[in-house]
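Comments concern the structure below.
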Protein chains: 2
Amino acid sequence: MPTIRDVAKRANVGIATVSRVLNNNPSVSEDTRNAVLAAINELDYTPNPIARQLSTGRTLTLGVILPYLTMPSYVERLRGVQHALAETEYNMVLFSVGGPTERDSYFKDLPRNNLVDGILIISLPPNDTQAERFASAEVPTVLVDAHHSRLSCILTDDVKGGKLATQHLINLGHRKIGFLSEFLETPFHPSAYYRYQGYRKALEEHGIPFDPAYHISGERGRTNAKKMAKQLLTLDDPPTAIFAGNDIQAIGVLDAAMELGVNVPDDLSVIGFDGIRDGEYTNLTTIDQHLYQSGIEGVHMLISALEAHPKTPREKRLSLELLVRGTTQRFRTQK
Amino acid sequence: MPTIRDVAKRANVGIATVSRVLNNNPSVSEDTRNAVLAAINELDYTPNPIARQLSTGRTLTLGVILPYLTMPSYVERLRGVQHALAETEYNMVLFSVGGPTERDSYFKDLPRNNLVDGILIISLPPNDTQAERFASAEVPTVLVDAHHSRLSCILTDDVKGGKLATQHLINLGHRKIGFLSEFLETPFHPSAYYRYQGYRKALEEHGIPFDPAYHISGERGRTNAKKMAKQLLTLDDPPTAIFAGNDIQAIGVLDAAMELGVNVPDDLSVIGFDGIRDGEYTNLTTIDQHLYQSGIEGVHMLISALEAHPKTPREKRLSLELLVRGTTQRFRTQK
DNA sequence: TCGGGGGCTGGAACCGGTTCCACAAAACTA
DNA sequence: TAGTTTTGTGGAACCGGTTCCAGCCCCCGA
């Protein structure tokens with residue numbers, strides 16, 4: 001593998017000059033430049049980026065910490081990141097987190113070791129100690145789908161979204177509205193809890209009393225959602241509409257309805273939350289939280305932090321959109 | 001940021017000794033080791049991986065070159081890679097390819113510049129020149145879902161898969177079988193072409209003449225598949241079964257059937273190819289090509305090449321599985 | 001008592017770039 | 001024509017680790 005010194009020798013110049021040519025420094029005469037370029041060509045020389053990284057202190061690499069791609073929403077956000085990064089000079093190192101230990105070890109080492117110029121954290125909220133570590137590090141950090149007052153973040157207003165979803169059902173004439181989600185207390189970002197709050201607020205604003213029997217939470221995943229939905233649907237006085245904490249769970253609700261012979265949307269309206277592609281196939285009404293866009297915005301915020309090194313963290317809220325498809329319908333008393 | 005020299009000074013030892021402690025070299029006395037560890041702790045020192053990379057020549061990083069995550073099959077393969085990599089000491093840099101220019105630039109630079117210890121290429125077949133460059137580089141390369149005789153690869157037998165799919169339809173009594181796919185001539189891996197060959201072979205073996213009217217190809221994507229399927233289904237003598245080149249296209253066929261009021265599977269059997277998760281929602285019969293597994297196998301092969309540096313490329317074929325779900329049915333003359 | 005060998009340790013060179021600084025030659029300025 | 005700037009260039013130090021090699025000390029055997 002030829003080095004910069006081989007090139008210098010071959011072109012009969014100093015290594016500083018070769019370096020200048022490589023970095024398009026204008027203070028090199030035309031003749032010298034050509035001689036160097038010729039030598040580079042003859043030797044098929046490529047500069048070693050590791051050496052460059054060591055001496056400049058820049059790696060031109062951004063680290064993305066995110067959970068294993070088990071949930072479609074992570075993939076969708078990553079797609080956005082990928083798209084936004086393509087237009088920049090930065091590469092992306094993926095740190096996939098399988099569990100809390102791994103997460104904590106990345107959270108501990110990454111801000112200290114100069115391996116990356118900036119860090120994007122997706123759907124993994126740091127605790128106070130960890131956030132402090134990120135905030136005091138010289139490498140900027142941006143959270144996507146997570147919040148901490150010490151760090152910049154891209155946020156979704158889950159309370160508002162929960163309200164939006166519930167209001168849609170209320171506007172359709174539903175009064176018996178179930179809420180189904182993963183456990184509200186979670187060590188990760190408690191989006192389900194916020195959505196639940198939006199649900200409660202919407203009910204309250206419309207003078208609909210909250211019925212604890214219509215609220216169920218449990219382990220995440222389609223199959224568990226199906227089980228929970230069955231519980232709701234076999235109540236003596238079952239809900240006429242169900243708001244599921246995310247799209248995958250909403251699909252679980254559809255599974256349950258199918259198995260119980262409950263017709264959607266005639267006998268049951270179902271609304272989800274996320275706006276993942278799977279919703280298309282199932283024709284699911286949902287709240288679109290612009291997952292793809294969140295990745296793009298995260299990268300933009302990180303890049304601008306890289307250039308400006310702002311002292312105070314920034315926050316950006318993404319908009320939400322009600323996506324009416326085929327699983328919600330006006331409630332008919334008649335039935 | 002403290003360096004190894006700061007630690008050495010604080011612990012009153014030489015830098016070599018600190019380095020030995022960092023690398024668990026046994027020839028350090030217990031006392032010295034403790035003194036060094038104490039200094040490391042007091043200074044909150046973390047070794048700089050870039051400097052280590054430069055001096056050892058190892059980056060502990062693998063490069064993954066793959067197309068933007070536009071197709072579910074890429075995501076599924078990447079999931080497998082992610083899973084397999086988690087058990088190793090390697091990190092993963094993602095080089096996402098949006099177009100041919102970007103692909104070629106990665107293909108050109110990556111094998112030369114020591115940025116990664118090994119390269120995994122997913123669904124992007126190199127041409128002869130590029131393959132030669134990879135083969136002669138000192139960093140090992142493995143192809144997943146692509147083939148070149150000079151490089152190790154993880155392969156799917158698309159001809160066999162195409163035969164399997166077609167035979168399934170034939171076994172169900174179908175004789176008028178359509179084949180719909182993206183263009184057969186493509187600069188990328190011509191899997192559609194191989195699947196088409198399997199289709200032809202199966203017909204031949206069962207003495208069914210090939211009817212060019214039943215063969216259609218065009219741009220990729222669900223919407224285009226829908227258009228093409230409509231053409232097939234509005235023929236004077238339409239096929240009773242359609243084999244689509246991949247699952248997304250098969251879903252497009254389902255869209256077309258729905259719009260034309262053609263009942264699946266009563267009036268039309270549809271089979272896809274891939275085994276992506278989207279197939280679950282649509283209850284699609286398909287050929288499962290074990291995408292997730294392909295990522296895992298790719299990583300395993302690459303890691304073993306990293307350790308053994310084999311001179312000749314290796315090849316591994318993944319198995320295929322017919323996944324019978326709800327979109328195919330026995331053909332009834334009666335109709 | 002002396003020589004040899006092993007256990008620890010530190011200095012210096014090295015990995016391959018970038019960049020500060022010094023300096024020669026050329027190009028202005030008066 | 002002498003003095004001052006400008007332009008182009010090379011040497012050496014530096015980034016922060018690893019590792020070769022030399023050397024010290026101690027213990028052991030003769």
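Any value given below was found using the heavy atoms of this structure, including those in side chains, with hydrogens, waters and symmetry copies removed.
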With 3.5 Å as the limit, what N/O pairs link the protein to nucleotides 19-26 of chain D?
none

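Atom-to-atom, CG of A:L22 to P of C:dG17 comes out at 8 Å; the value is rounded to the nearest Å. As a whole-Å value, the separation of A:L115 CG from D:dG17 P is 13 Å. Per the geometry, CG belonging to A:N113 stands 16 Å off C1' belonging to D:dC15, to the nearest Å. Look at OH on B:Y45: it is 3 Å from P on D:dG17, rounded to the nearest Å. For the pair B:I4 CD1 and C:dA12 C1', the computed distance is 14 Å after rounding to whole Å. In this structure, CG of A:N48 is placed 7 Å from P of C:dG16, rounded to the nearest angstrom. Here the P atom of nucleotide D:dT18 and the CD1 atom of A:I50 are 15 Å apart, to the nearest Å. With rounding to whole Å, A:K9 atom NZ is found 18 Å from D:dT9 atom C1'.
Of the options A:H83, A:Q82, A:R77, A:R79, a side chain to side chain donor-acceptor pair (under 3.5 Å) to A:Y292 is made by A:H83 and by none of the others.
The CG atom of B:L22 sits 11.5 Å away from atom CD1 of B:I15, with the distance rounded to the nearest 0.5 Å. Atom CG of A:D31 is separated from atom CZ of A:R33 by 11.0 Å, given to the nearest 0.5 angstrom. Here B:S191 contributes atom OG and B:D157 contributes atom CG; the two are 12.0 Å apart, rounded to the nearest 0.5 Å. Once rounded to the nearest 0.5 Å, the distance linking CE of B:M92 with OG1 of B:T61 reads 11.0 Å.
Using a 4.5 Å heavy-atom cutoff, the side chains of B:T156 and B:R317 are not in contact. Looking at A:V299 and A:Y90, their side chains never come closer than 4.5 Å, going by heavy atoms from C-beta outward.
Rounded to 10°, the helix from C:dT1-D:dA30 to C:dA30-D:dT1 has 50° between the axis fitted to its first five pairs and the one fitted to its last five.
Between B:S29 and the phosphate of C:dT9, there is a side-chain N or O to OP1/OP2 separation shorter than 4.0 Å. A sub-4.0 Å separation between OP1 or OP2 of C:dT9 and a side-chain N or O of B:S27 is absent.
For B:R103, the side chain to side chain contact (heavy atoms under 4.5 Å, CB included) criterion is met by B:V97, B:P100, B:F107, B:L124, B:F188, not counting sequence neighbours.
Closest-nucleotide positions on DNA chain C for B:L54 and B:V13 were compared, and the one nearer the 5' end corresponds to B:V13. Comparing A:T46 and B:V28, the nucleotide of DNA chain C nearest to each residue sits closer to the 5' end for B:V28.
Defined by atom type and a distance below 3.5 Å, a donor-acceptor pair is present between the side-chain atoms of A:S304 and A:R314. Between A:H290 and A:E297, the side chains place no donor N or O within less than 3.5 Å of an acceptor N or O (distance only, hydrogens not considered).
Counting non-hydrogen atoms under 4.0 angstrom, A:D31 reaches nothing in the nucleic acid. Contacts of B:N12 with the nucleic acid, taken as non-hydrogen atoms under 4.0 Å apart, involve only primed sugar atoms and P, OP1 or OP2.
Distance from the side chain of B:R52 is smallest for D:dG17 among the nucleotides D:dT9, C:dG17, D:dG17.
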